[in-house]
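The block underneath contains the structure these notes are about, expressed in structure tokens.
Predicted model, so just to flag it, every value in this text is computed and none were measured. Throughout, a chain's letter reflects where its sequence line sits, starting with A, and its residues are numbered from 1.
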2 protein chains.
Amino acid sequence: MERLKIQNNSVTLVDQVEDKLLSYFREKDLRKGDAIPNEMELTVSLGVSRSVVREALSRLKMMGIVETRTRRGMILSEPSLLGGMKRVVDPRILSEDTLFDILGFRIVLEIGICSEIFRKITPADIDSLEEIVNVGIMYENNEYAPFSEFAFHAKLYKITGNKTIAEFQNIIHPVMTFVKDKFQEFLAPINIQLKEEGRIVTHQDLLQYLKDGDEDGYRKALEEHFEVYRIFVNRKNEYNAAMKNGKDND
Amino acid sequence: MERLKIQNNSVTLVDQVEDKLLSYFREKDLRKGDAIPNEMELTVSLGVSRSVVREALSRLKMMGIVETRTRRGMILSEPSLLGGMKRVVDPRILSEDTLFDILGFRIVLEIGICSEIFRKITPADIDSLEEIVNVGIMYENNEYAPFSEFAFHAKLYKITGNKTIAEFQNIIHPVMTFVKDKFQEFLAPINIQLKEEGRIVTHQDLLQYLKDGDEDGYRKALEEHFEVYRIFVNRKNEYNAAMKNGKDND
DNA sequence: AAATATTATTTGTCTGACAAATTAAATAAC
DNA sequence: GTTATTTAATTTGTCAGACAAATAATATTT
């Protein structure tokens, strides 16, 4: 009874309850592991039906904010910062703009961790990287076997000791392979061009800078290592603009 | 009828349906704006009850993957990469470790965009930053009025032109203010110490490097600007370790 | 032919029910 | 009296059916 009719503008009861639950957790200063009221209690105290409460809870469960053990009730758990991203990062449902943003994000991140790497890298890390580089066959023109490509950069992120950054790298990795695959025709000529100009920076080159402890050299080399993507994004944007002008209505 | 009893290990029907829906969208190669079957059709074709379908859909709605207009049915929409993060980034429910990871993430990001900034910055951007710096009163010891602090760094992210990075900055901003607030007692003495050593880098200093086009100088200054947080995290970790040894059972 | 009224469809919400699991309590066995 | 077994109670997970509200599609009236 007393059905709320506030849902004028697509703000549903479920949305409201989701908010209210989060506010409630904050208000009560509940921490990880603390129990929260069961569904019936929430139903009563929020004045909505169980299905609405369940839908809202379902969302929070997906995000890893609440956890439920049958019969023992529900508890708060610590959500993974990036957990929600996992489901969304499907290159097929992301727009080209966002894909390129992610590409840029990744490059920025890897350049940003330079100083952190040089601060924390150990001889064991160097050995580990060396091994990865050795088993990694470079196919041709700046393209590595997918595994070694991933392993090399993943190792770099790991050296920082920042789990969130490492996890982020894991999540956006599918985007990288998707872009490489889908835009092969754009990337290949750029790599050839860079090769002709002698501007290809290999993993081996990067490793050498790490061995030498040459941070500035490493950073510059890394920028060059990613140059192919910078050129690609610029070229693709020009290409898209040209296509748009060509057939104006699409 | 024929209730699936596969939910042995806390994998509920809703979880399965959520997965199936995402697979279905991929399989059918549905894009942004495409219509998806209505609830009853999904109910029938998935062989589950409407409530299960609704809970799964509710999750996808929250993530911005599907959108619903009453009566017109549901359509696929492009999710924001970071949309899911917004709900999770409540400093109160994140562990200290994750908070520090985010702190590190932010620093890495801001250092990583250096070269991008110098590549794209315009005289208008300089003017804009100058204005922000001028209205920004530095309280004392490396601490700015919250607004100018945010505005200055937000502007830097904006210059990159990468919307995803800018959005990310927006989302983690609450974490920054929370950390500053909560760990005031740890941060204050560090800032005082840095000041005595003449190592405080102000926004004004950073701006000068931008004006001069001195990228390396800017990067080094920025690292110094964030030094307080590096020292803080190290010191806090030592403190926590000491506390843990002090009273072993907690 | 245009404006209005009706109908049908679809999401949002409510209510009530049962299953499964598991903890808590009660009973039986030693 | 203590331990093992059985029973009961609780809570989440799922199903089923109903109605409201909004709106697109259709039919009706002017």
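Counting any heavy atom pair closer than 4.0 Å across all strands shown, B:S51 reaches a base atom. Within the nucleic acid shown, A:M40 has no heavy atom closer than 4.0 Å to any nucleic acid atom.
Checked against C:dG12, D:dC15, D:dG13, the side chain of B:E39 finds its nearest nucleotide in C:dG12. Distances from the side chain of A:N38 to the nucleotides D:dT11, D:dT14, C:dC14 place D:dT11 closest. With D:dT12, C:dT13, D:dT14 as the candidates, the nucleotide lying closest to the side chain of A:V14 is C:dT13.
D:dT11 atom P lies 10 Å from atom CE of A:M74, rounded to whole Å. The CZ atom of A:R59 sits 12 Å away from the C1' atom of C:dG12 (whole-angstrom rounding). In this structure, A:L13 places its CG atom 13 Å from C1' of C:dT11, rounding to the nearest Å. Rounded to whole Å, the distance from CG on B:L57 to C1' on D:dT14 is 16 Å. The separation between B:E67 atom CD and C:dT11 atom C1' is 14 Å, rounded to whole Å. If you take CD of B:E18 and C1' of D:dT14, they are 17 Å apart, rounded to a whole angstrom. In this entry the distance linking CD of B:E55 with P of D:dA16 reads 15 Å, nearest Å.
Using a 3.5 Å distance cut-off with no hydrogens or angles, the side chains of B:D101 and B:T98 do not pair a donor with an acceptor. Of the N and O atoms on the side chains of A:Y157 and A:E110, at least one donor lies less than 3.5 Å from an acceptor on the other residue.
In this model, the phosphate group of C:dG12 is approached by a side-chain N or O of B:R54 to a distance below 4.0 Å at OP1 or OP2. A close approach under 4.0 Å does occur between a side-chain nitrogen or oxygen of A:T68 and OP1 or OP2 of D:dG13.
Counting distance only, with no hydrogens placed and no angle test, the side-chain atoms of B:R50 and the base atoms of C:dT13 include a donor-acceptor pair under 3.5 Å.
The salt bridge (charged side-chain N to carboxylate O under 4.0 Å, His left out) test with A:E55 singles out one residue from B:R50, B:R54, B:R59, and that residue is B:R54.
Judged by distance alone, the side chain of B:N237 and the main-chain N or O of B:N234 form no donor-acceptor pair under 3.5 Å.
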side-chain contact (heavy atoms from CB on, under 4.5 Å) evaluation trace for B:N38 with B:E41: CA-CA 5 Å; B:N38 66 37; B:E41 291 174 302; 3.4 Å; yes
